[in-house]
Peer 1: 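The following block contains the structure, expressed as structure tokens.
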Amino acid sequence: MSQAVPQPMWSWSGAWGAPAAALHELRGVSMGTRWSVKLIAAASALAALERGIQARLDEVVAQMSTWETDSHISRYNRAPAGSVHVLPVEFAEVIDAALTLAADTDGAYDPSLGALVDLWGFGPAGPIAHAPDARALADAHQRVGWRRLRWDAATRELIQPGGASIDLSSIAKGYGVDRVADWLLQQGVKDCLVEVGGELRGHGRKSDGGAWRVAVEQPGGGDNEAAAVIALDGLSIATSGDYRRYFDADGQRYAHTLDPRSGRPIANEVASVTVAHAQCMHADALATALSVLGPHAGLAYANRKHLAALFVLRDGDSFVTRATPAFVALQRSV
């Protein structure tokens with residue numbers, strides 16, 4: 001996913017002597033990827049804004065990164081059976097959303113698939129050279145199951161049933177985008193485009209009055225080729241694709257998106273799914289869920305839930321797109 005943003009332009013602030021607001025871009029690193037924020041603000045405010053943005057993302061990492069051995073999620077994953085964990089408010093919000101989606105998709109989305117993520121070489125355990133054997137797959141798969149997670153939203157208590165390994169990589173980046181965007185709005189920054197690892201949320205307008213227009217990447221396409229273009233104002237967009245992270249072994253390609261029901265990487269016609277939603281956390285998780293559900297069940301689910309979703313499907317050596325009515329409406333509004 002890519003977006004075109006003009007070079008910074010100075011604009012009238014509305015009062016003599018007041019600091020002029022201009023379009024700036026802040027950048028940093030978090031969650032194993034890069035973040036960027038394009039925003040209209042006075043230059044004097046940028047240092048504090050950058051610190052605040054990084055602090056929000058660091059908080060998400062400290063709570064939900066399986067790559068950090070002392071994070072809340074890592075401590076939970078290695079905790080003994082029967083142990084009770086009172087989650088921080090932010091972690092609780094994410095796990096509650098993840099488990100709600102798991103129930104709604106009958107396990108096509110499942111935050112408890114951490115053992116499978118490691119087994120297939122996409123987690124902290126590191127990459128693998130060959131697909132796991134049947135015995136290893138069965139052992140890991142028996143540790144997966146969202147119904148095993150005993151969660152009390154009222155008390156924020158999550159019980160470790162024994163061997164459960166949570167992985168929130170399909171929702172945490174989106175949540176990080178939301179945390180940053182919400183904080184910027186609280187600071188009075190009304191015009192911004194927040195991006196973390198390709199997941200985005202936009203508010204307001206650019207300094208020239210134009211919308212934050214975002215191009216959805218076309219798999220296999222050139223830099224100037226897009227599957228769709230939409231405008232973000234109070235809206236988020238997230239894409240799940242099988243063409244970015246994968247490994248080849250024994251003449252077969254294995255994508256990083258796993259089907260918790262089979263324990264294996266997805267093997268359907270879906271090249272990518274893009275979802276637009278008011279909250280990036282939900283867009284992020286839904287894009288993964290729809291990819292797992294596949295072109296038929298996924299599109300049916302998206303239409304039933306009135307989701308704005310774009311499916312890019314493989315058709316031999318080419319690609320075809322399928323969009324829900326809600327997504328088509330967003331395209332028309334650009």
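Being a predicted model, the structure only gives us computed values, none of them experimental.
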Peer 1: Do Asp96 and Trp151 pair up side chain to side chain, a donor and an acceptor below 3.5 Å, judged on atom types alone?
Peer 2: yes
Peer 1: Side chain of Ser236, backbone of Arg201: donor and acceptor closer than 3.5 Å?
Peer 2: no
Peer 1: For the backbone of Gly162 and the side chain of Arg148, can you confirm whether one donor and one acceptor N or O come within less than 3.5 Å of each other?
Peer 2: yes
Peer 1: Could you check whether any side-chain N or O of Ser112 sits under 3.5 Å from a backbone N or O of Val144, counting only pairs where one atom can act as donor and the other as acceptor?
Peer 2: no
Peer 1: Does the side chain of Ser291 come under 3.5 Å of the side chain of Thr288 through a donor N or O and an acceptor N or O?
Peer 2: no
Peer 1: Check for a donor-acceptor pair, side chain of Asp167 on one end and backbone N or O of Pro111 on the other, with a separation under 3.5 Å.
Peer 2: no
Peer 1: Got a sec, which hydrophobics cluster with Ile159, joining ILVMFWY side chains under 4.5 Å apart, including via others?
Peer 2: Val84
Peer 1: Between Lys173 and Asp178, is the closest basic N to carboxylate O distance under 4.0 Å?
Peer 2: no
Peer 1: Please check if any side-chain donor atom of Tyr175 sits under 3.5 Å from a side-chain acceptor atom of Gln279, or the reverse.
Peer 2: no
Peer 1: Under the criterion side chain to side chain contact (heavy atoms under 4.5 Å, CB included), I'd like the reasoning laid out for Ile266 against Leu258: C-alpha separation, chi angles, the key distance, then a yes or no.
Peer 2: CA-CA 5 Å; Ile266 61 172; Leu258 305 179; over 6 Å; no
Peer 1: Applying side chain to side chain contact (heavy atoms under 4.5 Å, CB included), run through Leu137 and Leu119 and close with a yes or a no.
Peer 2: CA-CA 7 Å; Leu137 183 59; Leu119 182 71; 3.8 Å; yes
Peer 1: Under a 4.0 Å threshold between the charged nitrogen and the carboxylate oxygen, would Asp191 count as salt-bridged to Lys206?
Peer 2: no
Peer 1: Could you tell me whether Lys38 and Glu25 have a side-chain N and a carboxylate O separated by less than 4.0 Å?
Peer 2: yes
Peer 1: Counting neighbours of CZ on Arg75 that are heavy atoms of other residues, nucleotides or ligands and sit closer than 6.0 Å, is the number greater than 12?
Peer 2: yes
Peer 1: Is the number of heavy atoms from other residues, nucleotides or ligands within 6.0 Å of CZ (Arg332) greater than 12?
Peer 2: no
Peer 1: Would you please test Asp182 and Val180 for side chain to side chain contact (heavy atoms under 4.5 Å, CB included) and show each step?
Peer 2: CA-CA 6 Å; Asp182 289 340; Val180 170; over 6 Å; no
Peer 1: Determine, stepwise, if the pair Arg179 / Asp58 fulfils salt bridge (Lys or Arg N to Asp or Glu O under 4.0 Å).
Peer 2: CA-CA 11 Å; Arg179 286 278 288 161; Asp58 289 348; over 6 Å; no
Peer 1: Supply the members, apart from Val328, of the Ile/Leu/Val/Met/Phe/Trp/Tyr cluster built from side-chain contacts under 4.5 Å; use none for a lone residue.
Peer 2: none
Peer 1: Starting from the C-alpha separation in whole Å, work towards a yes-or-no answer on salt bridge (Lys or Arg N to Asp or Glu O under 4.0 Å) for Lys305 and Asp104.
Peer 2: CA-CA 11 Å; Lys305 297 293 183 177; Asp104 203 42; 3.2 Å; yes
Peer 1: Only pairs at least two apart or in different chains count here, so list each side chain to side chain donor-acceptor pair (under 3.5 Å) that has a residue in residues 136-147.
Peer 2: Asp106-Arg147
Peer 1: Do the ring planes of His85 and Tyr76 sit parallel (below 30°), tilted (30 to 60°) or perpendicular (above 60°)?
Peer 2: perpendicular
Peer 1: Any carboxylate oxygen within less than 4.0 angstrom of a Lys/Arg side-chain nitrogen, looking at Arg135 and Asp133?
Peer 2: no
Peer 1: Is there a donor-acceptor contact under 3.5 Å from the side chain of Ser83 to the main chain of Pro80?
Peer 2: yes
